[in-house]
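Contents: one structure, followed by commentary.
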Amino acid sequence: MAKQQALTSQTEDFSAWYNELVYKADLVDLGPVRGAFVIRPYGYALWEHVQRELDAMFKATGHENLSFPMLIPMSYFQREAKHVEGFSPELAVVTHAGGVPLEEPLAIRPTSETIIGELYAKWIQSYRDLPLLYNQWCNVVRWELRTRPFLRTTEFLWQEGHTAHADEAEARAEVRTMLDVYGTFAEEFGAVPVIRGEKTVGERFAGAEQTLTIEAMMRDGKALQTGTSHYLGTNFSKAFDITFNDRNNEQAYAHTTSWGFSTRFIGALIMAHGDDAGLVLPPRLAPHQVVIVPMGRSDDDEGRARVTAEVTRIATGLRAAGVRVKVDDRDGMSPGWKFNEWERKGVPLRVEIGPRDVDAGTALVKDRLEADKATVALPELLAHLVEGLEAFHHKLFERARAFREKHTREVFTYDELKEQVEVGFAIATHCGDPASEATIQAETKATVRCIPLEGIPVGESRCVHTGEPSPYAHKVVFAKAY
RNA sequence: CGGGGCGUAGCGCAGCCUGGUAGCGCACAUCGUUCGGGACGAUGGGGUCGGAGGUUCGAAUCCUCUCGCCCCGACCA
């Protein structure tokens, strides 16, 4: 067995590092259609854990799941002016079916506000029917010009929540609640620290009154939006006639929201935590939290048997404790090969155990984030691993947070801003003028990622670009973004 | 759509300039030796050279036309 070609290092070419890793860690493969990627079992397992945890959080906040059709009549998109303007360029449309041209072409959903609006109009009659708190896990298609695995793909998996409320305050509270669910999830499960904030007018979802976002920093200093929550006002209610009789028996438009979280988050996990050896996965989402590599000569039947017995005992104990454990007893591969493979795949903890260890009553434990291996007595191994996983999560989160802080700087001049967005986030006062944002983007490639919900007060400071006063409460985050 | 590449074995590539009927590494299979950080040897299987025309006695190689993919830029979760 020879050396597999090493990954391009992050410092040499971050983009190449990412592109190689998604294949070499068995996360994705190319499909036959441009930009439509196959998510392989190791990558899909990550998504399944995302789904399981997020879904539980949705249920805990009162939401129910349902499923809407993937095909949407084209005319639905025309009904909300900004929505059609925003999505038309990336619609994939079915024009033929059953061997004949369709009377009305059908769009493959890029998001479901329109078709859901149509049905909500039917389901909602009275204030007693509200709020409607629904969510669906599904796939959507957006015809993107340039694609990258997980970050921007023609078809992607996500969940989209769609709620309807009797009044604005309740709808806005829902939008904020779901943003917090996303933020909590990203940090508590993904170990990815995020900034919660609001999008500027230009970055808003097509058809929304307000878009909230969570933004994370990748290890190249660029920003990635990993979840969004929108207050849609009565825009879609007016377009789809979602009305109800209120307590005074007067007809009113419902206030709707939508919020989404996609497989893009897997890209965030890769780029926020990965290193030159490969992935580093957060234990709470990792497909395998612990991998056990049995050592010893393959022709040493007696030694093997003792090791296998011990490995089985350890694995059984771990599983009983709720730990996802993988025993790598594949033949014909050297231990070194396996070590490299599991490191590339980002497994948090690895246990090495051979006849010598069994005799000594110990095992070696390797932590993906540490250079040295620890020798652990077998009776303490289970507790060591369980605690190790917990500690790993916090180390990973702290490391990502420290990285973000190191690459974030408050700037006071346009020159400083230009300099800072080359290495990370620039915090600055901005006047909110879309034209100014556009100029800054053209000149620096950086955009306002968000106006943080909590941050540095603007005070008397003036816009770093135009010198005008700022309409925002806080200084904004400028960064290059994926 | 603009700018760069590239299509030859499962993967990565050489061969093309200077035509002579396909090769290397990895992977795969068998056997032996190995076995605690990417093992080694021997043997073996596997390719209508992206597609279509053309030139030629003969085309992976030369000519024309096509199709596709990847990377970099403009749109986006």
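Across all strands shown, nothing is found opposite B:C76 as a Watson-Crick or G-U wobble partner with both distances under 3.5 Å. Base pairing of B:U43 is made with B:A29, judged by Watson-Crick or G-U wobble geometry with both donor-acceptor distances under 3.5 Å. For B:U48, there is no paired nucleotide, since no Watson-Crick or G-U wobble pair has both relevant distances below 3.5 Å. B:G20 is paired with B:C57 under the criterion used here, namely a Watson-Crick or G-U wobble arrangement in which both key atom distances are under 3.5 Å. B:C35 is unpaired under the Watson-Crick or G-U wobble criterion, no partner having all donor-acceptor distances under 3.5 Å. Base pairing annotation: B:A9 forms no Watson-Crick or G-U wobble pair, as no partner gives both donor-acceptor distances under 3.5 Å.
With rounding to the nearest 0.5 angstrom, the OG1 atom of A:Thr213 is 7.5 Å from the CG atom of A:Leu179.
Looking at A:Phe156 and A:Phe150, their side chains never come closer than 4.5 Å, going by heavy atoms from C-beta outward. Counting heavy atoms from C-beta outward, A:Lys338 and A:Arg330 have side chains that approach closer than 4.5 Å. Side-chain contact check for A:Val291 versus A:Val351: every heavy-atom pair is 4.5 Å or farther apart. Looking at heavy atoms from C-beta onward, A:Val290 lies in side-chain contact with A:Leu318 at the 4.5 angstrom threshold.
The nearest whole Å value for the distance from the CZ atom in A:Arg152 to the C1' atom in B:C75 is 9 Å. Rounded to whole Å, the distance from CG on A:Asp331 to C1' on B:C31 is 16 Å. Residue A:Arg344 contributes atom CZ, which lies 9 Å from atom C1' of B:G38 at whole-angstrom precision. Atom pair A:Met333:CE and B:U34:C1' shows a separation of 16 Å (rounding to whole Å applied). We find that CG of A:Leu179 is positioned 15 Å from P of B:A77, with the value rounded to whole Å. Rounded to whole Å, the distance from CZ on A:Arg330 to P on B:A27 is 14 Å. Here the C1' atom of nucleotide B:A77 and the CH2 atom of A:Trp47 are 10 Å apart, to the nearest Å. We find that CD of A:Glu144 is positioned 8 Å from P of B:A77, with the value rounded to whole Å.
In the displayed structure, A:Lys373 atom NZ is contacted under 6.0 Å by more than 12 heavy atoms of other residues, nucleotides or ligands.
In this model, a side-chain donor or acceptor of A:Lys373 finds a partner on the base of B:G37 within 3.5 Å.
Of the C1' atoms belonging to B:C31 and B:G36, the separation is 26 Å, rounded to the nearest Å. For the P atoms, the distance from B:G20 to B:A60 is 10 Å, rounded to whole Å. Across B:A14 and B:U34, the matching C1' atoms stand 32 Å from one another, rounded to whole Å. Between the P atoms of B:G68 and B:G51, the separation comes to 15 Å (whole Å). Between the C1' atoms of B:U18 and B:C75, the separation comes to 48 Å (whole Å). If you take atom P in B:G10 and the same atom in B:C49, they sit 13 Å apart, rounded to whole Å. When the C1' atom is used for both B:A27 and B:G45, the distance is 13 Å, rounded to whole Å. Taking atom C1' in both B:A9 and B:G53, one finds a spacing of 27 Å when rounded to whole Å.
The cationic atom of A:Lys199 (NZ for Lys, CZ for Arg) does not lie both less than 6.0 Å from the six-membered ring centre of A:Phe205 and within 45° of the ring axis. Stacking of A:Arg401 on the aromatic ring of A:Phe403 is not recorded, the 6.0 Å distance cut-off and the 45° axial limit not both being met. Note that A:Arg142 lies outside the cation-pi zone of A:Phe87, set by a 6.0 Å cut-off to the ring centre and a 45° limit from the axis.
Applying side-chain contact (heavy atoms from CB on, under 4.5 Å) to A:His430 and the options A:Ile440, A:Thr200, A:Ile451, A:Val477 leaves one that passes, A:Ile440.
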For this session: Take A:Phe261 and A:Phe265 through the test ring pair (Phe, Tyr, Trp, His ring centres under 6.0 Å) and record every step on the way to the result.
Result: CA-CA 7 Å; A:Phe261 193 95; A:Phe265 186 68; 4.9 Å; yes
Exercise. Run the ring pair (Phe, Tyr, Trp, His ring centres under 6.0 Å) check on A:Phe189 and A:His49 step by step: do they pass?
Worked result: CA-CA 9 Å; A:Phe189 289 91; A:His49 288 120; over 10 Å; no
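Between B:G38, B:G36, B:G37, one nucleotide has an atom nearer to the side chain of A:Trp337 than all others, and that is B:G38. With distances taken from any side-chain atom of A:Pro335 to the nucleotides B:G36, B:G38, B:C76, the minimum falls on B:G36.
Taking the six-membered ring where the residue is Trp, the centroids of A:Tyr23 and A:Phe37 are separated by 6.0 Å or more. Remark: aromatic rings of A:Trp259 and A:Phe58 are close, center separation under 6.0 Å. Side-chain rings of A:His162 and A:Tyr120 stay apart, their centers remaining 6.0 Å or farther from each other.
RNA chain B is contacted by both A:Tyr482 and A:Arg350; A:Arg350 maps to the nucleotide lying nearer its 5′ end (nearest heavy atom per residue). Annotation: of the two residues near RNA chain B, A:Phe156 and A:Leu364, the 5′-most nearest-nucleotide partner is A:Leu364.
Using a 4.0 Å cutoff on non-hydrogen atoms, the parts of residues 274-306 of chain A near RNA chain B are A:Met295, A:Gly296, A:Arg297, A:Ser298, A:Asp299, ordered by number.
The aromatic ring of A:Phe339 does not stack onto the base of B:G38, failing the criterion of a centre distance under 5.5 Å from the six-membered base ring together with planes under 30° apart.
Looking at heavy-atom distances under 4.0 Å, A:Glu343 makes contact with a base. Nucleic acid contact class of A:Gly260 (heavy atoms, under 4.0 Å, all strands): none. Residue A:Phe261 is out of contact with every strand shown, counting any heavy-atom pair closer than 4.0 Å. Using a 4.0 Å heavy-atom cutoff across all strands shown, A:Thr153 reaches at least one base atom of the nucleic acid.
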Can you give me the N/O atom pairs linking the protein to nucleotides 67-74 of chain B at distances under 3.5 Å, or say none if there are none?
residue, atom, partner, partner atom, Å
B:C72, OP1, A:Ser15, OG, 3.2
B:C72, OP1, A:Arg146, NH2, 3.4
B:C72, OP2, A:Arg146, NE, 3.4
B:C72, OP2, A:Arg146, NH2, 2.2
B:G73, OP2, A:Arg146, NH1, 2.9
B:A74, OP1, A:Lys445, NZ, 3.1

Can you pull every protein N or O that's under 3.5 Å from an N or O on nucleotides 4-8 of chain B?
none

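Contact between the side-chain N/O atoms of A:Ser334 and the OP1/OP2 oxygens of B:A39 is found at a separation under 4.0 Å.
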